[in-house]
Amino acid sequence: MISFEKFIMEDGMPIYLQILQYIKRGIIAGTIADGDELPSRRMLSALLGVNPNTVQKAYRMLEDEGLISSHSGAKSYMVLNDETIARVRSQLLEGDAVGIVLSMKQMGLSKAEAIALLEKYWDKEVNP
Amino acid sequence: MKKYLSVFALIAQNSIYRIFGLLLLLAAADGVLAWYWLAVKHYGIQNMFHSGNARFGLVLAIVFVLMAAVQIRCGDIYSGTSGYTVRRLAISEKAVLLLQILYNMLCWIILWGVQVLIIFVICKLYYRFGEYAGDPLSEQQMFLLFYISPLLHSLLPMEETLAWIANLVMIAELSISSAYWTVRRREKSSAADLLIGYWTVVLIFRRELGSYILNVIIIGGFLIIIAIDCWRMFFRKKEV
Amino acid sequence: MIELKNVSKTYRGKRALKNVNLTLPRGEIVGLFGENGAGKTTLMKCILNLHPYNGEITLDGEPISRKNIVKLSFGTSEHSFFPNLTPRSHKEFYKEHFDTFSEKRFDGLMEFFNLPAYRAVKNFSTGQKNQFEVILALSQGADYILLDEPFAGNDVFNREDFYKVLLGILEPHETVLLSTHLIEEVSDFIGRAVLIRQGEIVGDVYMSDLEDQGMDLMTYIKSAYQYKADRIIQALTNMTDEE
């Protein structure tokens with residue numbers, strides 16, 4: 001069963017989106033694989049201390065994106081193949097990239113300055 | 001069935017320890033009085049019970065009043081915070097009232113029984129160890145007491161059926177009116193008639209042998225009150 | 001569904017509830033928020049028929065009477081249990097009076113909170129009493145569980161544990177109405193927030209709607225209460241010599 005031990009709730013982002021992101025990052029990292037079982041809605045809501053509707057919303061979105069399949073009863077399983085994993089990766093990457101571009105623009109950087117900054121740090125050994 | 005039993009237990013456990021305490025008090029007080037009059041003052045048992053100066057009646061009256069107070073204070077399971085739970089039960093208020101009446105009657109009967117038992121024990125001890133120990137007529141002497149002494153006779157009316165009935169009617173009336181009081185108290189009624197009932201019993205309980213008319217009046221009067229209270233409780237009252 | 005229609009109550013000359021209209025469908029977890037004396041407790045007690053009131057309150061279409069009141073359970077910081085009885089005796093009593101009583105849930109929760117089954121409840125600590133009160137409310141098997149500030153005096157770990165257990169054991173058809181001051185703590189846990197102020201409902205919103213609007217609960221509440229942020233600054237300005 002997929003573990004939510006490392007899930008940390010943050011302020012600011014709706015919880016269902018945070019759950020979505022947690023799953024997607026797990027998919028990219030390889031810790032969540034095809035066929036893995038998700039906790040039931042009730043169990044996850046109890047684990048995280050959030051309303052079942054919130055979990056329901058997250059699971060429904062995952063289902064809409066074709067990443068999970070829910071059978072009658074409480075069990076849901078990941079449905080992943082190379083294509084979906086690649087899609088999720090590019091989604092998240094694009095999302096992160098958009099975020100970076102926006103914050104750099106907000107700080108008033110020009111495109112050339114942005115590229116220079118990226119080049120500077122790409123080759124260095126940077127600790128996150 | 002068990003449902004009603006559990007509510008009965010709830011009513012009882014509110015006051016049962018205090019009532020046992022009162023019975024113990026009665027036994028202790030009577031014991032002290034008996035010791036004083038018989039062993040110290042050598043009054044003789046007939047004089048002791050007959051004269052009325054020995055204050056057994058007073059002790060009984062005090063315990064009676066205290067027991068009434070316990071019943072009234074502790075009898076209402078609808079009051080207080082646990083009342084929030086009782087009021088959510090499916091059991092009807094009328095059923096609860098009946099159980100309260102039953103419990104009250106039980107308490108009075110127990111008081112009655114215990115008082116009679118105490119007197120028996122005093123008599124037995126007296127005739128075994130007292131001045132007349134070994135007197136072959138002592139058994140008869142003992143039963144004579146229940147004819148001669150007004151207090152003892154009222155407690156155990158030998159050969160006077162009317163007095164028995166009067167006792168039962170009094171117990172019934174007290175039980176019913178104090179159970180009904182728990183309802184009336186919530187409507188902020190005055191306690192006057194309740195207290196009059198108790199006072200009357202205290203004053204008139206001690207009847208001599210042959211108080212025919214008094215017993216009839218008691219029976220008649222209290223039956224009327226019982227009828228009125230029952231009608232108000234069970235037929236006219238809306239569910240709370 | 002519980003429906004309140006134009007419910008009003010006057011208490012000692014004060015209007016405790018004014019024209020309250022509220023529907024509580026099954027399966028929701030609703031937070032009831034309001035300042036002290038706003039009417040949260042009065043509202044719950046009217047639903048439970050513990051107070052007379054004007055207006056109409058129905059449960060699945062019927063007025064609330066001895067016939068259907070078993071579908072409601074109540075947990076309160078005033079403690080409605082029987083102090084002289086032990087938890088064991090409470091279990092026996094509840095089994096007799098409530099067909100829907102869940103022994104499994106009762107035993108499970110008793111174990112989870114580690115409460116002694118054979119001690120008279122009056123001898124419990126305040127925190128334990130609160131826990132026991134809530135255990136009774138949850139184990140009755142009611143469709144609608146009304147909890148009135150059930151955690152007065154419990155520490156935060158206790159409360160967090162409790163919310164999680166509640167979320168884990170509630171069936172989809174069970175409804176919880178929880179009145180509390182602790183808004184931030186319960187904001188993830190509830191699905192709907194109802195605000196009451198001086199006897200009137202001043203807010204009623206589903207958390208998912210707030211989320212869609214990008215608003216958080218505190219912001220919603222502050223706007224519903226017309227909280228003036230500069231009130232603090234104004235007061236300080238008046239009290240000190242700063243400009």
Side-chain angles (χ1 to χ4, degrees), chain A residues 1-25 37-65 68-76 95-96 98-99 102-103 106, chain C residues 24-32 105 108-109 112 138 145 151 154 156-178 180 182-194 205-220:
Chain A
M1 176 125 58
I2 295 173
S3 152
F4 275 77
E5 252 173 73
K6 302 230 176 69
F7 180 85
I8 303 172
M9 274 206 289
E10 290 164 0
D11 287 334
M13 198 196 295
I15 295 170
Y16 75 92
L17 284 178
Q18 293 184 46
I19 295 175
L20 225 62
Q21 207 171 64
Y22 178 83
I23 299 276
K24 287 182 175 176
R25 291 202 191 277
E37 189 188 341
L38 282 124
S40 70
R41 286 158 187 70
R42 209 204 284 193
M43 194 173 302
L44 187 57
S45 83
L47 266 166
L48 303 181
V50 301
N51 193 274
N53 295 338
T54 306
V55 175
Q56 175 66 5
K57 204 163 173 179
Y59 279 29
R60 201 181 309 122
M61 292 193 77
L62 286 168
E63 217 173 324
D64 288 344
E65 292 190 28
I68 68 172
S69 93
S70 293
H71 300 281
S72 62
K75 295 199 192 295
S76 303
D96 284 347
V98 167
L102 274 172
S103 67
Q106 258 188 336
Chain C
L24 273 173
R26 297 254 238 146
E28 291 189 0
I29 302 179
V30 182
L32 181 61
R105 208 184 251 190
L109 288 170
F112 180 77
L138 289 176
I145 301 162
F151 301 119
N154 282 64
V156 62
F157 302 112
N158 237 268
R159 297 196 300 262
E160 293 284 334
D161 278 350
F162 172 69
Y163 301 140
K164 292 185 176 174
V165 163
L166 192 61
L167 287 166
I169 63 176
L170 279 179
E171 300 287 330
H173 68 268
E174 288 183 286
T175 315
V176 174
L177 177 65
L178 172 68
T180 175
L182 306 161
I183 298 175
E184 260 134 359
E185 206 168 85
V186 302
S187 57
D188 291 333
F189 157 82
I190 56 175
R192 177 175 165 203
V194 173
V205 69
Y206 282 94
M207 299 304 288
S208 57
D209 291 339
L210 273 186
E211 210 166 55
D212 291 341
Q213 292 166 33
M215 208 194 289
D216 82 351
L217 186 56
M218 273 316 279
T219 313
Y220 174 77

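Just so it is clear: chains get the letters A, B, ... in the order the sequence lines come, proteins before strands, and each one is counted from 1.
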>> Counting only heavy atoms from other residues, nucleotides and ligands, does the tally under 6.0 Å from CG of Leu102(A) exceed 12?
In response: yes
> Within a radius of less than 6.0 Å around CD of Glu184(C), do more than 12 heavy atoms belonging to other residues, nucleotides or ligands occur?
Replying inline: no
>> Ignoring hydrogens, what is the shortest heavy-atom contact between Pro52(A) and Leu167(C)? Give both atom names and the distance.
In response: CD-CD2, 3.7 Å
> What pair of heavy atoms forms the shortest contact from Arg42(A) to Pro172(C), and how long is it?
Replying inline: NH2-CD, 4.4 Å
For the atom pair [atom1] ([X]) and [atom2] ([Y]), what is the distance rounded to the nearest 0.5 Å?
{"X": "Asn51(A)", "Y": "Glu28(C)", "atom1": "CG", "atom2": "CD", "value": "9.5 Å"}
{"X": "Leu17(A)", "Y": "Glu211(C)", "atom1": "CG", "atom2": "CD", "value": "7.5 Å"}
{"X": "Ile29(C)", "Y": "Ser45(A)", "atom1": "CD1", "atom2": "OG", "value": "7.0 Å"}

> What part of Tyr163(C) lies closer than 4.5 angstrom to a heavy atom of chain A: side chain, backbone, both or neither?
Replying inline: neither
>> Which atoms of Asp212(C) are under 4.5 Å from chain A, going by heavy atoms: the side chain, the backbone, both sets, or neither?
In response: side chain
> Who wins among Ile190(C), Val165(C), Val186(C), Leu166(C) for the most heavy-atom pairs under 4.5 Å with chain A?
Replying inline: Ile190(C)
> Checking side-chain contact (heavy atoms from CB on, under 4.5 Å) against Asp188(C), which of Ile15(A), Thr54(A), Leu48(A) comes through?
Replying inline: Ile15(A)
